[in-house]
K.L.:
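Have a look at the structure that comes next, please.
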Amino acid sequence: MSIVLENISKNFGKFAALHNVDLEIPEGELVALLGPSGCGKTTLLRIIAGLERPDQGRILLNGEDKTQLHTSRRGIGFVFQHYALFRHMTVFDNVAFGLRVKPRRDRPSEAEIAEKVHSLLKLVQLEWLAERFPDQLSGGQRQRIALARALAVEPSVLLLDEPFGALDASVRKDLRQWLRNLHQELHITSIFVTHDQEEAMEVASQVVVLNHGRIEQQGAPAEIYENPSNAFVSKFIGQTNILNLSQHDADWLSDAGILSGAPQGNIAHIRPHNIGIEKAEADSRSPLTLKDWQHLGSIIRIELYNSQLHEQGTSLYAEMPTERFKHLNLNKGDKVVVHIKHAHWFN
């Protein structure tokens with residue numbers, strides 16, 4: 001099912017949660033709504049679900065206006081951050097719940113319900129837990145059961161509100177890949193809310209970046225990371241160094257190659273992997289020294305200190321493969337020279 005939002009606005013008292021939001025999500029996409037706390041992403045999700053009504057605008061599902069339609073008639077499955085499982089029901093009964101409360105004319109037989117539930121539990125790889133209760137499950141298992149329950153009613157759209165936010169980091173990482181694989185199998189139009197950039201970039205086929213109730217950019221993860229539309233997106237998505245040319249010595253910037261070509265602004269945003277490093281010669285006048293470094297497995301993250309900018313406390317962060325770092329034989333306090341391969345320019 002495709003989703004089109006037209007001119008959606010929502011206020012809570014004097015607080016404007018959403019401002020004239022236009023968004024189109026093609027059928028079968030797995031979309032992340034990404035942004036800082038209070039940016040409007042959960043409000044937007046709840047408006048799509050029908051749990052909130054917009055003050056203005058329309059919600060079109062498969063081209064039909066569903067703005068005034070009740071949640072139960074939108075064909076949408078919703079998965080909450082804190083599972084919302086019924087503690088007094090077994091896993092089997094939790095998953096079967098949505099089927100059993102259907103109107104009598106639409107309700108499957110108990111045999112059909114049992115077949116459906118076991119099929120879903122097999123899909124989420126938890127068939128062996130059918131007779132357990134939620135309190136007997138791990139957090140990751142509960143979230144997969146919540147997802148199975150949402151899928152039981154065969155929704156045309158699946159909405160997930162920070163589905164992994166309450167889980168440990170290692171469990172979150174496992175479930176991210178699991179959700180992506182599941183989506184590739186089911187092809188249900190899915191939208192999930194997150195403030196975790198890594199989660200959005202790893203799981204989603206499309207990312208929508210929100211800030212102060214407005215969409216800053218929408219696109220594939222690689223497109224948003226490599227071609228941010230503005231300074232906010234550049235800073236929010238991944239790590240970036242920000243250099244204001246009016247505050248930096250032109251000599252070392254020129255030597256680093258950043259001033260070649262005609263910049264479109266006076267503030268440069270530079271991703272750490274776009275900074276090349278070499279050990280400086282003994283007589284080098286480079287103002288940069290290696291202050292510290294972190295081992296991140298296959299990548300080394302390096303903090304460089306600029307002696308000419310002591311008052312600003314400016315550090316420059318770079319990344320390189322571990323093998324390259326070992327080859328350079330760099331140590332703390334070594335002078336280095338850098339080459340900036342690419343920068344995004346903003347005013």
K.L.:
For the residue pair P221 and V207, what are the closest heavy atoms and their distance?
P.N.:
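Answer, listing the atom of P221 first, then V207: CG-CG2, 3.9 Å.
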K.L.:
Search all heavy atoms of L18 against all heavy atoms of G40 and return the closest pair with its distance.
P.N.:
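Looking at all heavy atoms of both residues, the shortest contact is CD2-O, 3.6 Å.
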K.L.:
Are more than 12 heavy atoms from other residues, nucleotides or ligands located less than 6.0 Å from atom CD of Q184?
P.N.:
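Yes.
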K.L.:
Between Q68 and R53, do the side chains contain a donor N or O and an acceptor N or O under 3.5 Å apart?
P.N.:
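Short answer, yes.
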K.L.:
More than 12 foreign heavy atoms under 6.0 Å from NE2 of H273: is that the case here?
P.N.:
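Buried by this count: over 12 neighbours within 6.0 Å.
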K.L.:
Side chains of K116 and E154: does their closest heavy-atom pair fall under 4.5 Å?
P.N.:
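In contact.
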K.L.:
When rounded to the nearest 0.5 angstrom, what is the spacing between CD1 in I47 and CG in D55?
P.N.:
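Separation between the atoms: 7.5 Å.
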K.L.:
Show your reasoning for whether side chain to side chain contact (heavy atoms under 4.5 Å, CB included) applies to Q141 and R132.
P.N.:
CA-CA 11 Å; Q141 289 169 341; R132 299 273 185 93; 5.7 Å; no
K.L.:
Taking atom types as modelled, is there a side-chain donor on N230 or E216 under 3.5 Å from an acceptor on the other?
P.N.:
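Present: a donor and an acceptor within the cut-off.
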K.L.:
Could I get the full list of side chain to side chain donor-acceptor pair (under 3.5 Å) partners for K66, not counting sequence neighbours?
P.N.:
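Here the qualifying residues are E64.
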K.L.:
Keeping S190 on the side-chain end and I188 on the backbone end, is there a donor-acceptor pair under 3.5 Å?
P.N.:
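A pair under 3.5 Å: yes.
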K.L.:
Take the angle between the ring planes of H344 and H342 and call it parallel below 30°, perpendicular above 60°, tilted in between.
P.N.:
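Geometry flag for H342 against H344: perpendicular rings.
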K.L.:
Hey, are E6 and R58 close enough for a salt bridge, meaning a charged N less than 4.0 Å from a carboxylate O?
P.N.:
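Salt bridge present between E6 and R58.
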K.L.:
Please report the closest heavy-atom contact between I113 and P108, naming both atoms and the distance.
P.N.:
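I113 and P108 have their closest heavy atoms at CD1-O, 3.8 Å.
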K.L.:
Under 3.5 Å, is there a donor on one side chain and an acceptor on the other for E303 and S315?
P.N.:
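On atom types as modelled, these side chains qualify, holding a pair under 3.5 Å.
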K.L.:
Between T189 and I3, is any pair of side-chain heavy atoms under 4.5 Å apart?
P.N.:
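Yes. Closest side-chain heavy atoms under 4.5 Å.
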K.L.:
Quick check: closest heavy atoms across F325 and L290, and the distance to 0.1 Å?
P.N.:
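Taking every non-hydrogen atom into account, CE1-CD1, 4.2 Å.
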K.L.:
W293 ring centre to R301 NZ or CZ under 6.0 Å, with the angle to the axis within 45°?
P.N.:
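Pair R301/W293 does not count as cation-pi.
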K.L.:
Surrounding NE2 of H19 (heavy atoms of other residues, nucleotides or ligands, distance under 6.0 Å), is the total greater than 12?
P.N.:
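Above 12, so yes.
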K.L.:
How many angstroms lie between atom CG of L121 and atom CD1 of I145, to the nearest 0.5 angstrom?
P.N.:
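Going from the CG atom of L121 to the CD1 atom of I145 covers 5.0 Å.
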K.L.:
Filter on ring pair (Phe, Tyr, Trp, His ring centres under 6.0 Å), then keep only pairs touching residues 99-143, sequence neighbours left out; what's left?
P.N.:
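The answer is F92-H118.
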K.L.:
Which heavy-atom pair separates I8 from L44 by the least distance, and what is that distance?
P.N.:
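Heavy atoms of I8 and L44 come nearest at CG2-CD1, 4.5 Å.
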K.L.:
Side chains of W178 and L182: does their closest heavy-atom pair fall under 4.5 Å?
P.N.:
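Yes, at least one pair of side-chain atoms sits under 4.5 Å.
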K.L.:
One pair to check against side chain to side chain contact (heavy atoms under 4.5 Å, CB included): H195 and K41. What are the steps and the verdict?
P.N.:
CA-CA 9 Å; H195 60 269; K41 52 190 185 294; 4.2 Å; yes
K.L.:
Which salt bridge (charged side-chain N to carboxylate O under 4.0 Å, His left out) pairs, counting each pair once, include a residue from residues 174-190, with sequence neighbours left out?
P.N.:
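Residue pairs with at least one partner in residues 174-190: R176-D196, R176-E198, R176-E199, R176-E202.
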K.L.:
If every non-hydrogen atom of V31 is compared with every non-hydrogen atom of A204, which pair is closest and at what distance?
P.N.:
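In terms of heavy atoms, the two residues are closest at C-CB, 4.3 Å.
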K.L.:
Compare all side-chain heavy atoms of P228 with those of I237 and state whether any distance is below 4.5 angstrom.
P.N.:
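Side-chain contact under 4.5 Å: no.
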K.L.:
Identify whether F97 and V91 are in the same connected component of the hydrophobic contact network (ILVMFWY, side-chain heavy atoms under 4.5 Å).
P.N.:
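In one cluster with F97: V91, no.
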K.L.:
Verify, without hydrogens or angle tests, whether T322 (side chain) and S298 (backbone) share a donor-acceptor contact under 3.5 angstrom.
P.N.:
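Confirmed, T322 side chain pairs with S298 backbone.
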K.L.:
Are side-chain heavy atoms of I224 and V233 found at a separation under 4.5 Å?
P.N.:
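They are in side-chain contact.
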K.L.:
Taking side chain to side chain donor-acceptor pair (under 3.5 Å) as the test, write out the residues that go with D161, two or more places apart.
P.N.:
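Scan of D161 (side chain to side chain donor-acceptor pair (under 3.5 Å), adjacent residues dropped) gives T42.
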K.L.:
State, yes or no, whether a side-chain contact exists between L23 and V4 at a heavy-atom distance under 4.5 Å.
P.N.:
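SC-SC contact between L23 and V4 ruled out.
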K.L.:
Would you say P321 and I300 make side-chain contact, with heavy atoms under 4.5 Å?
P.N.:
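No, their side chains stay 4.5 Å or more apart.
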K.L.:
On the ring face of F78, is R149 found with NZ or CZ under 6.0 Å from the centre and within 45° of the axis?
P.N.:
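Relative to the ring axis of F78, which defines the angle, R149 lies outside at least one limit.
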K.L.:
Is it possible for you to say whether Y225 and W345 belong to one hydrophobic cluster, with membership spreading through side-chain heavy-atom contacts below 4.5 Å?
P.N.:
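Each belongs to a different hydrophobic cluster.
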K.L.:
Going only through I, L, V, M, F, W and Y residues with side-chain contacts under 4.5 Å, is there a path from L61 to L5?
P.N.:
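Shared cluster, yes.
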K.L.:
For T240, enumerate each residue passing the side-chain contact (heavy atoms from CB on, under 4.5 Å) test, keeping only those at least two apart in sequence or located in another chain.
P.N.:
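T240 satisfies side-chain contact (heavy atoms from CB on, under 4.5 Å) with S234, K235, I242, H269, R271 once adjacent residues are dropped.
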K.L.:
Would you indicate whether the side-chain heavy atoms of K279 and N329 approach each other to under 4.5 Å?
P.N.:
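Sidechains of K279 and N329: in contact.
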K.L.:
Between I277 and I299, is there shared hydrophobic-cluster membership here, with clusters defined by ILVMFWY side-chain heavy atoms closer than 4.5 Å?
P.N.:
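No: no chain of side-chain contacts under 4.5 Å links I277 to I299.
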K.L.:
Determine, step by step, whether L243 and I270 satisfy the side chain to side chain contact (heavy atoms under 4.5 Å, CB included) criterion, reporting the C-alpha distance in whole Å, the side-chain angles of both residues, the deciding distance to 0.1 Å, and the verdict.
P.N.:
CA-CA 8 Å; L243 300 182; I270 307 153; 3.6 Å; yes
K.L.:
Flag yes if L30 and L186 sit in one hydrophobic cluster, no otherwise; membership is Ile, Leu, Val, Met, Phe, Trp, Tyr, and two members link when side-chain heavy atoms are under 4.5 Å apart.
P.N.:
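Looking at the clustering, L186 is in the same group as L30.
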K.L.:
L147 vs L179, test: side chain to side chain contact (heavy atoms under 4.5 Å, CB included). Steps then yes/no.
P.N.:
CA-CA 10 Å; L147 185 54; L179 177 61; 4.1 Å; yes
K.L.:
Report the distance from atom NZ of K335 to atom OG of S286, rounding to the nearest 0.5 Å.
P.N.:
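Between atom NZ of K335 and atom OG of S286 there are 6.0 Å.
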K.L.:
With sequence neighbours excluded, tell me which residues meet side chain to side chain donor-acceptor pair (under 3.5 Å) with Q177.
P.N.:
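Checked Q177 against side chain to side chain donor-acceptor pair (under 3.5 Å); matches are N181.
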K.L.:
Could you check whether atom NE2 of H295 has more than 12 heavy atoms from other residues, nucleotides or ligands sitting under 6.0 Å from it?
P.N.:
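Enclosed: over 12 neighbouring heavy atoms sit under 6.0 Å from NE2 of H295.
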K.L.:
Are a donor atom and an acceptor atom from the side chains of E29 and S205 found within less than 3.5 Å of each other?
P.N.:
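On atom types as modelled, these side chains qualify, holding a pair under 3.5 Å.
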